[in-house]
Every structure is written in C-alpha cells, then in structure tokens.
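Count residues from 1 along the sequence.
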Amino acid sequence: MKKTLLVYILLISAFALYVLRYEYSSEANGSWEAKGLRGDIGETYIMITFQSGLEYWKSVLKGFEDAGDALGVTVEYRGATRYDPKEQTTIIEQAIARKPAGIAISAIDPQSLIPVINKALDAGIPVVLFDADAPDSRAYSFLGTDNYQAGVTAADKMAELLGRGGEVAVLTMPGQQNHEERTEGFRDTIRDRYPSMKVVEVADGHGDAMKSRDEALRMMKAYPELGGIFVTEATGAAGVGEAVQNADAGHPLQIISFDTNKATLDMIKSGTISATIAQGTWNMGYWSLQYLFHLHHQLTVPAPSSSDENAPLPVRVDTGISVVTRSNVDDYYAK
C-alpha cells in the first residue's frame, strides 16, 4: 500500500512539474510573439576593439549599431588608444564592472586576454569574439574572416599578377593570430601551388605606414628581383604604396593589401596597389550583437549542446571575403 502511494505521489509531482514548465515556456514565447524580438533600452552591449579610431572599425561598429536598432537595445563602443594588450585588458575589466548584457571583443593578443575574457563569463556576462580570436578562452563564438583562406586567396591573386613566377615578400604583424594565419595561408600556397615562385622574406611592418614604407624600400634594395609584396593589413599597405611611388620606376612591384580603407581604395584606383582582400566587417558587428542578445535572453544555447530545444550557437562563423581590384573598386567606397 505504501509503495503504491509513493508511486502516485511521484506521478503527480512529475505531472505538476510538466504543467509548470509548459506554462512558463508558453508565457515566454507569448511575450516574444507579442512584442517581437525586442530587448530593453536599459540593456547595454559593449563592443571593445584594440587601437580605436581606425577606419577599419567603422563598418564593424555600424553592423553592431544596426543590430542594436533592430533589437531595441543600447550599444557602446570602447577601444584601446594604442596597440597595447594591457590597455585593452584594463578596458575589458572596466566593462565587466558595469555588468553589461554582453561584450563583443576583438582580441589584440590571443593569450594575454584569456583570463579577463573568462572573468567576464564567470560574472555571467556573455562574450563573443570577432575579427581577432582568442581560441583558448571560453568565449562562446568567434565571428570573423577565415584568415588562412584569405592568405590562400591573396597568394592565388599574386600568382595571377606575376604570371605564376618570381620572388615575393610579406609584411605583417607577428604575434597577432589573424595576421599570422594570413601569412601562413599565403606562404603555404606559394610553396605548394607555385613552384616557380618563392617567398624571400616575411618582415614586421608594425601596422605603421612609415615603418612599412621603410621596410618595403629595404626589401626592394635587398631583393632586386622582388616582384610583389603581400601586406596583411591596410595601414602598412599605404606605406608600401608610398615606397613604390617614390622608388625607381624601373622596379615595378605588385602590392596586395588587406581591407578597404579610403587610402587603399584610392591607391587601387590609381594603380599603385593591385588588389586588396575585403572582409565582411558589417557582418562581424551585426551578428556579434545578435548572438549576445540571444545568449543574454537564453534564446539559444552555446554549442556543443545535448539539448535539441534550440539551435546551438555556432562556435565559428566565417563572415566572408572578396577581392577588390581596379575593376570593382568603386563599389567599396563608403556611400
């Protein structure tokens, strides 16, 4: 008799829990159906980049702001004033103290930022990374360019420009993961697909126009047969373009840049830079905020997940690239 009574109690309890859960879900879903996918104006999401003020971030921030408008939430932008991991760490610490609804970060250094990224998650603040990843952190997703594949594309374009032969060099920013992946994709492709081509040097341009100009002039002197330089970021490419403009006209050089700031586009239009790799920057900002919003409101769950109630959040999202040349450069100027 006691066993039968216990079974009835367990069955009634399970049924009661099921009814409560069903009513809670219906109420939540009904709320979204009634007001649409909208948050609250007091709900603040913060985007944090390194080296703020770069033209490159404008499109990313525009995407972040567009998503904020669509969702009815507040967005803020913060960035380090210089290329300094310690300063970016301090800015992330300050953001955590304000307890925002979510933080999107472009990591200047994949290792040194891990503790502070994980600290935000421990505080219950969703974090996604965009543009530059910190893969050993516990951030939920990375939204950005497949940088290795971008390097492959740059190598193929360089081979096309040089007739699949000749010496080439790379100007990059060692230590920053996205630039190292671009360089690796370029070097591997030249080595594996184009036996008549050779990467003679990979140098540090420091992301600085003047230093990149000086490095380009040095390499042109050191390698008289140098046919092309792949520059893995836009600021340095402007410096390399200046070096070519001031160099002996008898030393033509094919330049492939990265990104689409106005200086780069102007140099493509004038023929100084041959091509640049354009990233899907607006997508990075827009979908970063969409992901943070869904995480904050528990509308999705991070992958991997054993639950099939919601679509798991992708761990990596390739936001795409395109090749910009003189033939299509007008399409990439800000409208």
I'd like to know if the side chain of [X] reaches the main chain of [Y], judged simply by a donor and an acceptor atom lying under 3.5 Å from each other, with no hydrogens or angles considered.
| X | Y | value |
| --- | --- | --- |
| Glu55 | Lys262 | yes |
| Trp287 | Gly63 | no |
| Glu233 | Thr235 | yes |
| Glu180 | Gly175 | yes |
| Arg213 | Glu242 | no |
| Ser212 | Ala209 | no |

May I ask you to test the [X]-[Y] pair for a side-chain heavy-atom distance under 4.5 Å?
| X | Y | result |
| --- | --- | --- |
| Glu43 | Leu71 | no |
| Ile46 | Arg98 | yes |
| Lys119 | Glu93 | yes |
| Phe258 | Val231 | no |
| Leu313 | Val301 | no |
| Glu184 | Arg187 | no |
| Asp146 | Arg316 | no |
| Ser141 | Val317 | no |

Distance in Å, [X] [atom1] paired with [Y] [atom2], rounded so as to fall on 0.5 Å steps:
| X | Y | atom1 | atom2 | result |
| --- | --- | --- | --- | --- |
| Ile268 | Thr325 | CD1 | OG1 | 7.5 Å |
| Lys86 | Ser112 | NZ | OG | 9.5 Å |
| Leu54 | Asn261 | CG | CG | 9.0 Å |
| Ile117 | Arg138 | CD1 | CZ | 10.5 Å |
| Ile105 | Ile92 | CD1 | CD1 | 4.0 Å |
| Gln51 | Asp84 | CD | CG | 10.5 Å |

Is it the case that the side chains of [Y] and [X] hold a donor-acceptor pair, with the cut-off being a distance below 3.5 Å and no angle test?
| X | Y | result |
| --- | --- | --- |
| Glu76 | Thr44 | no |
| Tyr332 | Asp259 | no |
| Gln279 | Tyr56 | yes |
| Tyr77 | Thr49 | yes |

Heavy-atom pair with the smallest gap, counting every atom of [X] and [Y]:
| X | Y | value |
| --- | --- | --- |
| Val127 | Leu121 | N-CD2, 3.8 Å |
| Leu292 | Pro126 | CD2-O, 3.5 Å |
| Val170 | Thr183 | CG1-OG1, 3.9 Å |
| Phe64 | Ala104 | CE1-CB, 4.0 Å |
| Ile229 | Leu171 | CG2-N, 4.3 Å |
| Ala278 | Val324 | CB-CG2, 3.7 Å |

Option from Asn147, Thr172, Thr232 for which side chain to side chain donor-acceptor pair (under 3.5 Å) with Arg182 holds: Asn147
In one Ile/Leu/Val/Met/Phe/Trp/Tyr side-chain cluster, 4.5 Å: [X], [Y]:
| X | Y | answer |
| --- | --- | --- |
| Met47 | Met284 | yes |
| Ile125 | Tyr291 | yes |
| Leu162 | Leu253 | no |
| Val75 | Val128 | yes |
| Ile321 | Phe130 | no |

Applying salt bridge (charged side-chain N to carboxylate O under 4.0 Å, His left out) to Asp330 and Lys269, what does each step give before you reach the verdict? CA-CA 8 Å; Asp330 287 336; Lys269 203 160 187 174; 2.8 Å; yes
Under-4.0 Å salt bridge between [X] and [Y]:
| X | Y | answer |
| --- | --- | --- |
| Arg218 | Asp214 | no |
| Asp188 | Arg191 | yes |
| Arg193 | Asp156 | yes |
| Glu160 | Lys157 | yes |
| Glu87 | Arg82 | yes |

Go through Val60 and Asp131 one step at a time and tell me if the side-chain contact (heavy atoms from CB on, under 4.5 Å) criterion holds. CA-CA 9 Å; Val60 187; Asp131 185 59; over 6 Å; no
Result of checking Ser288, Ser106, Ser137 against Leu129 for side-chain contact (heavy atoms from CB on, under 4.5 Å): Ser137
Please test Asp266 against Tyr333 for side-chain contact (heavy atoms from CB on, under 4.5 Å), starting from the C-alpha separation and ending with a verdict. CA-CA 9 Å; Asp266 287 347; Tyr333 279 97; 2.6 Å; yes
Passes side-chain contact (heavy atoms from CB on, under 4.5 Å), Gln111 versus Asp136? Steps please. CA-CA 8 Å; Gln111 292 301 318; Asp136 293 329; 3.2 Å; yes
Could you walk me through whether Thr260 and Thr281 satisfy the side-chain contact (heavy atoms from CB on, under 4.5 Å) test, starting with their C-alpha distance in whole Å, then the side-chain angles of each, then the deciding distance to 0.1 Å, before giving a yes or no? CA-CA 10 Å; Thr260 55; Thr281 47; over 6 Å; no
Please work out whether the ring planes of His297 and Phe293 are parallel, tilted or perpendicular, with thresholds of 30° and 60°. tilted
